[in-house]
Amino acid sequence: MSTPTPSRSGADRCPGLLTPFVSADGAMVRLRVPGGRVDAASLLEISSLASRFGNPDITVTSRGSLQLRGLPDPLPRELITAIDDLGLVPSGPHDKARNIVGDPHAGLDDLVTALDEELLADPGLAELPGRFLLAVASPDGPVLAEPWDVAVIAPPLPEPTLPEVRRRSLEGTAQVVADGRAVTVSRARAAATALDVARRFLAARTDTRTWNLRDLPDEDRGDLLPGGSPFDVVAGDPPEPGPAGDDLVALVPLGLLTPAMVEGLREVAGSRESSQGSSHLDQRIVVTPWRSVVVPGAAGRAEELAAAGFATAADSPWTVLTACAGAPSCGRTTTRTRDLAREAAPFVDVAGPAVHVIGCERSCGHPARAHATALNPTNAADVVAAQHEKA
Ligand code: SF4
């Protein structure tokens, strides 16, 4: 008779979660959502955990990832175990190596999966800084406008396929791009080639505060991508809120995914699956770096998701208005940035430049595209004025 394996405690299973970032409103945990790909059931569970243990709103970050905030410090063991069970923090050592952004197209899922699996398979890559960013993009894809370090660029596969089929579909070629140079490799070799750049970066940096390729001295960047040729990166615009083919792009105002919004996603995902005869909420949803979610097959459900709190029309003020966390979440300011953004929303120029409301010069969570800033506004009118004054 074999000896039963003792079950791991939450602390043993998820050491990376034991040192959460602690701010004025409690502990914060970053969840690992490679390429923003998450299923509806996991999102529902995350929302339930958020409501039980801390701030009920899930924060959607500018890297297409998710955060739980306002949690107790130390974290309750039950919460650690639940997050571990969801597979959203795969191991303590790889807690930081979580940053893969991806264009939302399902035909790129094979590359996101390959990059994630090969990243996690190498313990040495756990040394990558939390700010090191890997990207998976279609040619001219919008994610190429993000501040990535290494990108894999390939045409999306024509059909969304089952995961096991997807892995066998790594056919064709892809480009791996770093520091303005590119090599063309087989699609099957793309992840390994991109991660070789990451390994060379780790070998070249001389201190742990060198977070990105661009921080390396010029003389150390030449060998990062052997055989690379000059490459001009061209990025498309982020998808606007609204129907996109069969899918729906739904913007998350202020990056706060409320329980009502998650419930709205559950209803849309659940009804679609039941019509397909499935009993599981395994529908793939993509969280984007533009604080939106892409919901497959939901093009006709814009009104329902708008009622739940999403912005689903291209003329929404939330297409140009963002804010840092501000007070009371952040101790660096007394400005309630989000409240002021909400007050200003009806009055901003939807056709004007983007404006980011901030409580200090750090400008946390600012959009990658050109934007104006409203620094410590005292009222909504200040936000509206800043949109054009500082563009
Ligand atoms: S920009 Fe400043 S005030 Fe706003 S969240 Fe960041 S540190 Fe806090």
Side-chain angles (χ1 to χ4, degrees), residues 19-31 33 50 53-73 75 95-96 98-99 101 129-133 145-147 209 211-212 215 238 251-258 261 287-292 317-345 347-348 353-391:
T19 51
F21 178 78
V22 180
S23 64
D25 66 343
M28 181 271 281
V29 165
R30 298 182 175 93
L31 302 179
V33 189
F53 291 102
N55 187 326
D57 299 338
I58 304 168
T59 301
V60 176
T61 76
S62 58
R63 295 200 158 187
S65 195
L66 304 173
Q67 295 174 350
L68 300 184
R69 289 179 169 266
L71 301 167
D73 178 31
L75 298 176
D95 177 45
K96 283 185 188 168
R98 61 185 166 267
N99 288 322
V101 291
R131 295 192 188 192
F132 194 91
L133 192 60
E146 300 302 309
R209 291 190 63 78
W211 289 326
N212 299 102
D215 298 330
L251 206 60
V252 180
L254 296 174
L256 295 177
L257 203 50
T258 66
M261 292 161 79
V287 181
T288 77
W290 313 291
R291 294 194 174 87
S292 63
W318 300 113
T319 59
V320 293
L321 185 57
T322 53
C324 75
S329 301
C330 176
R332 284 181 161 265
T333 186
T334 55
T335 304
R336 301 179 71 94
T337 50
R338 285 172 174 154
D339 289 347
L340 288 167
R342 288 189 187 98
E343 288 172 28
F347 308 107
V348 296
V355 57
H356 188 52
V357 186
I358 52 177
C360 78
E361 303 279 359
R362 280 195 180 188
S363 195
C364 300
H366 65 78
R369 62 181 163 147
H371 61 277
T373 54
L375 174 61
N376 280 321
T378 55
N379 52 42
D382 288 348
V383 176
V384 175
Q387 184 182 17
H388 287 287
E389 282 175 8
K390 298 184 181 178

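Quick note: numbers below take in every heavy atom, side chains included, and nothing from hydrogens, waters or symmetry partners. In each ligand, atom 1 is the first atom listed, and ligand 1 is the first ligand listed.
Ring-plane geometry between H356 and H371 is classed as perpendicular, the angle between the planes exceeding 60 degrees on a 0 to 90 degree scale with a lower cut at 30.
Partner V287 forms a side-chain contact (heavy atoms from CB on, under 4.5 Å) with one of L257, I58, L66 and no other, that one being L66.
A donor atom on one side chain and an acceptor atom on the other are found under 3.5 Å apart for N376 and T335.
Within the protein, the number of N/O/S atoms found under 2.8 Å from atom 6 (Fe) of ligand 1 is 1.
Every ring-ring contact (aromatic ring centres under 6.0 Å, His included) that F132 has, sequence neighbours left out, goes to F201.
Contact between L256 and M261 at its shortest, heavy atoms only, is O-SD, 3.5 Å.
S65 places no side-chain N or O within 3.5 Å of a backbone atom of N99 that could act as its donor or acceptor partner.
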